[in-house]
Protein chains: 2
Amino acid sequence: MTVSKAAEKSSEKPADTAKGRKDAAEAQPEALQLGELSEQLGYVLKRAQLKVFENFLRCMASLQLTPAQFSVLLLVEKNPGRNQTEIASTLGILRPNFVAMLDNLESRDLCARIRSTNDRRSHILVLTDKGKAVLARAKKLVATKHEARLNDLLGQANREALLAMLSKIASEF
Amino acid sequence: MTVSKAAEKSSEKPADTAKGRKDAAEAQPEALQLGELSEQLGYVLKRAQLKVFENFLRCMASLQLTPAQFSVLLLVEKNPGRNQTEIASTLGILRPNFVAMLDNLESRDLCARIRSTNDRRSHILVLTDKGKAVLARAKKLVATKHEARLNDLLGQANREALLAMLSKIASEF
DNA sequence: GATAATTGTTATGGACCATATCAAATATCG
DNA sequence: CGATATTTGATATGGTCCATAACAATTATC
């Protein structure tokens, strides 16, 4: 598959009109044939995912939250009192890689590590007041600017069907 | 969102049965609440994408083809005589990053760079005989082991609907 | 024919992902 | 109890992918 973010340059190709193919028998303008590629689930899935993340980042520009950071805040809010290992593994983040991520969120005073009194090895994670406030604003931005756009594009019913199918793939494929 | 590949460890959580919560009032077993995360398109999309790529790699293990490499071979076959810039940009690959990729495919004798006689700057890309043969086998593997599984999981109609929605997101979001 | 643009390439840095390893704390079991 | 194993957070490190700048060779433009 492939699909990076930087294919935004030569996207608008001239159609096969008089202006597109210029005079009469000039070299083909461009516009490659995707062929079976457009039927490959992985290819289309990846392209869609990149677009969605891209849009997410634009919507969150004012809060400077990446999709990964947003998911951490959401999960910590929903599951207060859990430690790093539990939060990280639920999100599919490896513990070593979670450290720098938390360092970042903690340095921005969005969440805090608290030494557990039960098990003094582990750090309990909680949202700070600022973290709760930022997350609340983030949720609104996502709902109004991000997810709402999906509804406009696909319709409510289709959007739910899409989510259901993706969940099925994520859990049963 | 987040979602890496390494969340395959503590996935099977015991349900909240007698065996799940053990005796009576013991510490909560585990099983975090995903909450709104499972409604976030980006999160589910990424998880699904990782699963699909993972399965793709397993299906292609005998041919040692990554999704990106497969997409290159497909596109070169469908569009013979195009140069590196055209193939790369169509796939969303930046030209500098495409060089090593082609070096790899060329070293395995799957495709070849040919200096264009029209424009001696550019390299025309073609599949070798071996490349055509490998691609043919790859297509069969993908169709029978990879895409077929999607049909089993979602059904033909749903699979097509999914592809259509993802294509719409990829192109219009 | 001088200048600008394009093609493939190299070098380089960043982001993300994965493994091995460690010290501190806890669990396990003789 | 005490030796050993396990768990937790952390560091170091390497790999892959993505992105930008810069370059030589070639071609286009004026």
Side-chain angles (χ1 to χ4, degrees), chain A residues 1-10 26-27 30 42 46-47 49-51 53-54 57 64-69 71-72 81-106 111-125, chain B residues 1-10 26-27 30 42 46-47 49-50 53-54 57 64 66-69 71-72 81-106 111-125:
Chain A
M1 282 66 181
T2 289
V3 183
S4 84
K5 289 179 191 171
E8 314 299 320
K9 180 184 154 194
S10 58
E26 210 162 337
E30 303 187 37
K46 177 97 187 190
R47 281 204 103 101
Q49 185 259 313
L50 287 174
K51 275 290 187 75
F53 268 44
E54 201 180 311
L57 287 174
Q64 284 288 96
L65 282 183
T66 67
Q69 292 167 337
S71 70
V72 170
R82 299 298 191 136
N83 64 27
Q84 297 183 197
T85 296
E86 292 171 314
I87 298 291
S89 79
T90 302
L91 291 173
I93 307 175
L94 295 175
R95 269 106 55 205
N97 300 327
F98 196 46
V99 173
M101 222 179 137
L102 271 185
D103 288 348
N104 180 358
L105 293 176
E106 204 172 16
C111 75
R113 299 184 236 224
I114 305 179
R115 283 234 100 94
S116 168
T117 52
N118 304 331
D119 185 341
R120 298 190 40 242
R121 289 171 298 186
S122 57
H123 288 166
I124 295 310
L125 297 183
Chain B
M1 281 64 183
T2 290
V3 184
S4 84
K5 288 180 194 171
E8 312 300 321
K9 179 184 152 193
S10 57
E26 210 162 333
E30 304 186 36
K46 177 95 187 190
R47 281 204 100 101
Q49 184 260 315
L50 288 174
F53 269 44
E54 199 180 312
L57 286 174
Q64 285 288 96
T66 68
Q69 293 167 336
S71 70
V72 171
R82 300 298 190 138
N83 64 26
Q84 297 183 196
T85 296
E86 291 171 314
I87 298 290
S89 79
T90 302
L91 291 174
I93 306 176
L94 295 175
R95 268 106 55 204
N97 300 328
F98 196 45
V99 174
M101 222 178 136
L102 272 185
D103 288 348
N104 179 358
L105 293 176
E106 206 172 16
C111 77
R113 299 183 237 224
I114 304 179
R115 282 234 101 93
S116 168
T117 52
N118 305 330
D119 185 342
R120 298 192 38 244
R121 289 171 298 185
S122 57
H123 288 166
I124 295 310
L125 297 183

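Proteins get letters first, then strands, A, B, ... in listed order; numbering begins at 1 in each.
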Requested in this report: Compare the minimum distances between each of C:dT9, D:dT8, D:dC18 and the side chain of B:H123, then state the nucleotide with the smallest one.
Outcome: C:dT9

Short N/O separations, protein against nucleotides 12-15 of chain C, under 3.5 angstrom:
none

Report task. Of all the heavy-atom pairs spanning B:F53 and A:G42, show the shortest one and how long it is. Result -> CE1-O, 3.5 Å

Query raised in the report: Between D:dT26 atom P and B:N83 atom CG, what is the distance in whole Å?
Result: 16 Å

**Report entry** Contact summary for A:S71 and A:A68, nearest pair of heavy atoms
**Finding:** OG-O, 2.6 Å

Report task. Let me know the distance between CZ of A:F53 and C1' of D:dC17, rounded to the nearest Å. Result -> 15 Å

Requested in this report: Using atom CD of B:E54 as one end and atom C1' of C:dA18 as the other, report the distance to the nearest whole Å.
Outcome: 14 Å

Query raised in the report: C:dT9 C1' sits how many Å from B:L102 CG, rounded?
Result: 12 Å

**Report entry** Spacing of B:N104 atom CG relative to D:dC17 atom C1', expressed in whole Å
**Finding:** 14 Å

Query raised in the report: For C:dT9, does either OP1 or OP2 sit under 4.0 Å from a side-chain N or O belonging to B:R113?
Result: yes

Query raised in the report: side chain to side chain donor-acceptor pair (under 3.5 Å) with A:N104: which residues, sequence neighbours excluded?
Result: none

Report summary line: note: A:I93, atom CD1; D:dG9, atom P; distance rounded to Å ~ 13 Å

Report task. Write out all pairs satisfying salt bridge (charged side-chain N to carboxylate O under 4.0 Å, His left out) with one or both partners inside residues 97-106 of chain B, taking only residues at least two apart or from two chains. Result -> B:D103-B:R113, B:E106-B:R113

Report summary line: Those residues at least two apart in sequence (or on a different chain) that pass side chain to side chain donor-acceptor pair (under 3.5 Å) with B:R120 are none

Query raised in the report: Listed by chain and number, what are the side chain to side chain donor-acceptor pair (under 3.5 Å) partners of A:N97, not counting sequence neighbours?
Result: none

Report summary line: Picking from C:dT10, D:dT8, C:dA20, the nucleotide nearest the side-chain atoms of A:P96 would be C:dA20

Requested in this report: Using the side chain to side chain contact (heavy atoms under 4.5 Å, CB included) rule, pick out the option among A:I87, A:I114, A:L105 that qualifies with A:L125.
Outcome: A:I87

Report summary line: A correct 5'-to-3' footprint of nucleotides 22-29 of chain C, with B, S and - meaning base, sugar-phosphate only and no protein heavy atom under 4.0 Å, is --BBS---

Query raised in the report: Does A:Q69 reach the side chain of A:M101, with side-chain heavy atoms less than 4.5 Å apart?
Result: yes

Report task. Taking all non-hydrogen atoms of both residues into account, name the closest pair between B:G81 and B:I124 and its distance. Result -> O-CD1, 3.1 Å

Query raised in the report: Of all the choices, C:dT19, D:dA10, C:dT7, which nucleotide is nearest to the side chain of A:Q84 once you look at every atom?
Result: D:dA10

Query raised in the report: What is the distance, rounded to the nearest whole Å, between atom CE of A:M101 and atom P of D:dA10?
Result: 14 Å

**Report entry** Phosphate OP1/OP2 of D:dT7 contacted by A:T85 side-chain N/O (<4.0 Å)
**Finding:** no

Query raised in the report: Starting at CZ of A:R95 and ending at P of D:dA12, how long is that distance when rounded to a whole Å?
Result: 19 Å

